[in-house]
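Within every chain, numbering begins at 1; the chains are lettered A, B, ... in the order of the sequence lines, protein sequences first and strands thereafter.
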Protein chains: 2
Amino acid sequence: MDAKQRARYQLRARIIKALAHPSRLFIVDELARGERCVCELTKMVGADISTVSKHLSVLKNAGIVADERRSTQVFYSLKVPCLLNFFGCVEAVVEATAKEQLAACG
Amino acid sequence: MDAKQRARYQLRARIIKALAHPSRLFIVDELARGERCVCELTKMVGADISTVSKHLSVLKNAGIVADERRSTQVFYSLKVPCLLNFFGCVEAVVEATAKEQLAACG
DNA sequence: TGGCTCTTTGGCCATATCGCCAACTAGGCA
DNA sequence: TGCCTAGTTGGCGATATGGCCAAAGAGCCA
């Protein structure tokens with residue numbers, strides 16, 4: 001792995017890392033249904049608004065969501081719909097793992 | 001987000017988290033071409049063998065790779081080929097972000 | 001301007017991650 | 001058995017992450 005290749009994988013990892021948190025996954029799923037303001041997401045996630053705001057900035061910095069201020073509210077939207085296909089795959093891993101554990105238990 | 005839903009997103013996040021590291025992404029990419037033993041991956045990654053072994057156990061615990069001992073070597077293989085589609089999407093984010101930055105620079 | 005709501009940022013602490021070294025285990029072979 | 005290579009595990013220090021509270025911005029309206 002040379003320097004160029006390493007830089008490439010670091011970029012990718014940064015994006016995936018941004019998705020690697022339950023609250024952020026939930027937010028992406030929710031934004032897939034349409035734009036939401038921070039206060040709406042805060043209620044749904046059930047955490048402090050500052051925490052949710054930080055999660056949103058992580059997603060924004062990774063290029064996954066976009067933000068738009070309208071009067072006093074900031075609305076976030078999903079920039080990358082193809083991520084949704086990925087979740088199907090992740091779900092497949094979840095199910096496969098669950099099956100293995102069931103099998104292991106007899 | 002109720003307890004059931006939260007557990008669901010935690011499972012997904014655990015899998016995504018396992019992918020959220022440059023070396024582990026590289027390993028997954030490499031395993032997509034065929035199985036590799038730890039020593040081969042160690043050479044390619046260019047880190048300590050203990051470090052690579054730990055990365056592999058992270059991927060294994062997430063259900064992403066499988067391991068098989070053959071004599072003194074342990075071969076790892078990819079269990080979830082659909083992840084490769086995901087990388088295409090991640091790459092799209094990388095490129096979109098790069099374009100934005102170029103545009104921002106004029 | 002002051003006051004209000006919505007949102008972001010800074011600070012702090014607890015916890016998790018990463019990478020190396022060192023020690024240990026597994027299997028092959030003389 | 002002893003010795004070798006391949007791999008895993010434990011431990012340590014450095015660094016990053018996640019959550020809350022408190023404080024600061026941003027925009028509206030009186």
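Closest contact between the side chain of Ala47(B) and the listed nucleotides dC20(C), dT9(C), dG7(D) involves dC20(C).
Residue His55(A) has a polar side-chain atom (N or O) positioned under 4.0 Å from OP1 or OP2 of dG19(D). Taking only side-chain nitrogens and oxygens, Tyr76(B) comes nearer than 4.0 Å to OP1 or OP2 of dT8(D). Taking side-chain N and O atoms only, Ser53(A) has a distance below 4.0 Å to OP1 or OP2 of dT8(C). Phosphate contact (OP1/OP2 of dC20(D), side-chain N/O of Thr51(A), threshold under 4.0 Å): present.
When each of Thr72(B) and Asp48(A) is assigned the nucleotide of DNA chain D with its nearest heavy atom, Thr72(B) is the one assigned upstream, toward the 5' end.
With sequence neighbours left out, the side-chain hydrogen bond (donor to acceptor under 3.5 Å, both in side chains) criterion links Asn61(A) to no other residue.
The side-chain heavy atoms of Val52(A) and Asp48(A), taken from C-beta on, include no pair separated by under 4.5 Å. Looking at Leu31(B) and Tyr76(B), their side chains come closer than 4.5 Å, going by heavy atoms from C-beta outward.
Between the CG atom of Asp67(B) and the P atom of dG27(C) there is a distance of 13 Å, given to the nearest Å. Separating the NZ atom of Lys43(A) from the C1' atom of dT5(C) is a distance of 12 Å, rounded to the nearest angstrom. Straight-line distance from the NZ atom of Lys60(A) to the P atom of dT9(C): 8 Å, rounded to whole Å. Atom CZ in Phe75(B) sits about 19 Å away from atom P in dA26(C), given to the nearest Å. Nucleotide dA23(D) holds its C1' atom 14 Å from the CD1 atom of Ile49(A), rounded to whole Å. Between the CD1 atom of Ile27(A) and the C1' atom of dT7(C) there is a distance of 14 Å, given to the nearest Å. Atom pair Arg70(A):CZ and dA26(D):C1' shows a separation of 16 Å (rounding to whole Å applied). dT8(D) atom P lies 7 Å from atom CZ of Arg69(B), rounded to whole Å.
Residue Ser71(B) is classed as a sugar-phosphate contact, given heavy-atom separations below 4.0 Å to backbone atoms only. Base engagement by Ser50(A) is indicated by at least one non-hydrogen atom pair under 4.0 Å involving a base atom.
Counting all heavy atoms, side chain and backbone alike, Ser57(B) lies closest to Lys54(B) at OG-O, 2.9 Å.
Of the residues in residues 8-25 of chain B, those placing a heavy atom less than 4.0 Å from an atom of DNA chain C are Lys17(B), His21(B), Arg24(B), in numerical order.
At distances below 3.5 Å, not a single donor-acceptor pair connects side-chain atoms of Ser53(A) with backbone N or O atoms of Ile49(A). Between the side chain of Arg8(B) and the main chain of Gln10(B), no donor-acceptor pair closer than 3.5 Å is present. Remark: the backbone N or O of Arg70(B) is not paired with any side-chain donor or acceptor of Gln73(B) at under 3.5 angstrom.
One can find a donor-acceptor pair under 3.5 Å joining the base of dG10(C) and the side-chain atoms of Lys54(A).
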